[in-house]
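Working notes, structure below.
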Amino acid sequence: MQPLEGCLWELYSTLDAALNALLLPKFFSMFRWLLAALPLLFFACSPNNVSDDNSLKKYFDENNVNGTFGMYDNGHSTFTIYNPVKFSDSAYLPASTFKIVNSLIGIETGRVSDTNTIIPYDGVKHGRPECEKDMSMSVAFRLSCVQWYQQLARRIKKDTMQHWLDTMGYARRYGKFSIGNNIDTFWLDNSAKVTADEQLGLVKKLYFDQLPFLKRTQRLVRGMMLWENNANYQLSYKTGWGHSDSGHSIGWIVGWIEENKHPYFFSCY
């Protein structure tokens with residue numbers, strides 16, 4: 001690993017651990033307030049089925065963050081969005097939300113056979129002891145272990161990864177994305193950038209088996225995203241954490257919540 005790549009990995013690993021250990025509870029507190037506020041909003045959608053709801057701004061302000069949030073009610077075909085310009089026009093590194101795509105490509109290409117496939121620990125210390133061991137894809141996904149997925153990306157290789165990203169149309173907001181020589185860092189170092197709108201579209205297509213992968217592949221990845229499953233709802237998501245070009249912290253949560261087979265897809269930056 002080159003020195004710069006090592007620094008990037010150490011920085012990202014620290015941030016990702018901080019999100020899970022310290023920042024995630026606060027982030028989810030804001031996110032749950034957003035979910036709680038939404039049922040009353042779906043009935044106020046404009047004629048074109050998009051509601052620009054600035055009342056959601058207070059949840060961001062209360063947590064001293066800037067960002068955007070969008071939810072699509074699949075049953076009523078309505079969108080509720082806070083900060084629509086940022087939602088559709090501003091692109092940022094996907095960080096660990098790219099584990100969704102990396103997993104899909106890894107399974108589809110046979111680099112891993114399923115979510116139980118184990119990739120051995122590479123022996124390099126990165127400051128997250130929970131990730132410094134042999135582990136399966138499902139464990140690496142749930143712990144958001146960067147080095148496991150970097151190894152997977154190297155197994156996939158540049159040309160194959162580029163082919164699938166092109167097929168998906170991934171990270172195209174500012175034109176066609178090229179991996180270059182960053183096969184194991186491009187989703188961490190601001191080479192690839194995605195919008196919140198694109199993230200919502202990704203999880204919506206994944207839910208309905210509409211991505212260009214086998215249904216088995218998509219089903220396996222959906223299974224790793226399921227975090228809460230009870231009699232009232234099922235909540236599936238992936239988080240991401242990193243730094244922008246300007247050095248600002250970036251947090252993502254993307255996924256869906258399902259009630260009685262009725263999905264609501266969301267993307268929060």
Side-chain angles (χ1 to χ4, degrees), residues 19 23-46 49-63 65-101 141 144 170 173 194-211 218 221-230 232-241 250-269:
L19 174 65
L23 301 175
L24 193 57
K26 183 177 180 180
F27 190 81
F28 268 115
S29 177
M30 179 187 74
F31 178 68
R32 289 187 181 281
W33 276 108
L34 286 168
L35 287 181
L38 281 167
L40 297 177
L41 304 176
F42 288 130
F43 299 100
C45 291
S46 58
N49 294 330
V50 177
S51 173
D52 178 3
D53 197 322
N54 199 52
S55 71
L56 299 178
K57 181 177 185 296
K58 67 180 180 179
Y59 301 109
F60 291 84
D61 292 346
E62 289 171 358
N63 289 274
V65 295
N66 297 312
T68 184
F69 174 85
M71 178 171 276
Y72 178 69
D73 176 353
N74 190 74
H76 296 93
S77 299
T78 55
F79 285 93
T80 299
I81 299 176
Y82 161 65
N83 204 341
V85 174
K86 186 179 286 289
F87 190 80
S88 60
D89 292 339
S90 298
Y92 305 92
L93 81 161
S96 276
T97 65
F98 185 74
K99 288 182 173 67
I100 298 172
V101 177
F141 188 94
S144 206
Y170 190 78
R173 181 64 183 86
V194 293
T195 65
D197 186 29
E198 182 179 356
Q199 296 271 56
L200 190 149
L202 171 69
V203 295
K204 179 176 180 290
K205 289 179 179 178
L206 175 59
Y207 178 91
F208 286 115
D209 286 327
Q210 293 174 343
L211 292 171
Q218 295 177 79
V221 175
R222 285 197 302 270
M224 294 193 296
M225 293 177 64
L226 179 62
W227 285 88
E228 297 185 31
N229 185 10
N230 56 54
N232 297 315
Y233 64 87
Q234 295 77 46
L235 178 61
S236 301
Y237 62 84
K238 184 69 189 78
T239 58
W241 193 258
I250 287 176
W252 287 105
I253 179 169
V254 300
W256 58 85
I257 186 168
E258 181 180 329
E259 297 175 315
N260 297 320
K261 303 298 182 181
H262 183 162
Y264 299 83
F265 303 98
F266 57 80
S267 175
C268 185
Y269 157 76

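Predicted, not measured: the structure shown is a model, and the values here were computed from it.
- With values rounded to the nearest 0.5 angstrom, Asn49 atom CG is found 8.0 Å from Tyr72 atom OH.
- Rounding to the nearest 0.5 Å gives a distance of 11.5 Å between CG of Asp52 and CZ of Phe87.
- Taking the six-membered ring for Trp and the full ring otherwise, Phe265 and Phe208 have centroids separated by under 6.0 Å.
- Taking CG of Leu206 as the start and CH2 of Trp256 as the end, the distance is 4.5 Å to the nearest 0.5 Å.
- Residue Phe60 comes nearest to Tyr269 through the heavy atom pair CE2-O, 3.8 Å, listed as atom of the first residue, atom of the second, then distance.
- Listed by chain and number, the residues in a side-chain contact (heavy atoms from CB on, under 4.5 Å) with Glu258 are Tyr207, Gln234, Lys261 (sequence neighbours excluded).
- Note: His76 and His262 have tilted aromatic rings, judged against thresholds of 30 and 60 degrees for the angle between ring planes.
- With ring centers used as reference points, Tyr170 lies under 6.0 Å from Phe98.
- Partners of Lys57 according to the salt bridge (charged side-chain N to carboxylate O under 4.0 Å, His left out) rule, which considers only residues two or more places apart in sequence or in another chain, are Asp61.
- Residues Ile253 and Cys268 meet the side-chain proximity criterion, which asks for heavy atoms closer than 4.5 Å.
- Separation of atoms CD (Gln210) and CG (Leu202) is listed at 11.5 Å; rounding is to 0.5 Å.
- For Gln218 (side chain) and Leu211 (main-chain N/O), a donor-acceptor pair under 3.5 Å exists by modelled atom type.
- Atom-to-atom distance recorded for Leu200:CG and Phe69:CZ is 9.0 Å, nearest 0.5 angstrom.
- To the nearest 0.5 Å, atoms CG (Asn232) and CD (Glu259) are separated by 8.0 Å.
- Within 6.0 Å of the CG atom in Asn260, the count of heavy atoms belonging to other residues, nucleotides or ligands does not exceed 12.
- Contact record, Met225 with Val203: CE-CG1, 4.4 Å, taken as the closest heavy-atom pair.
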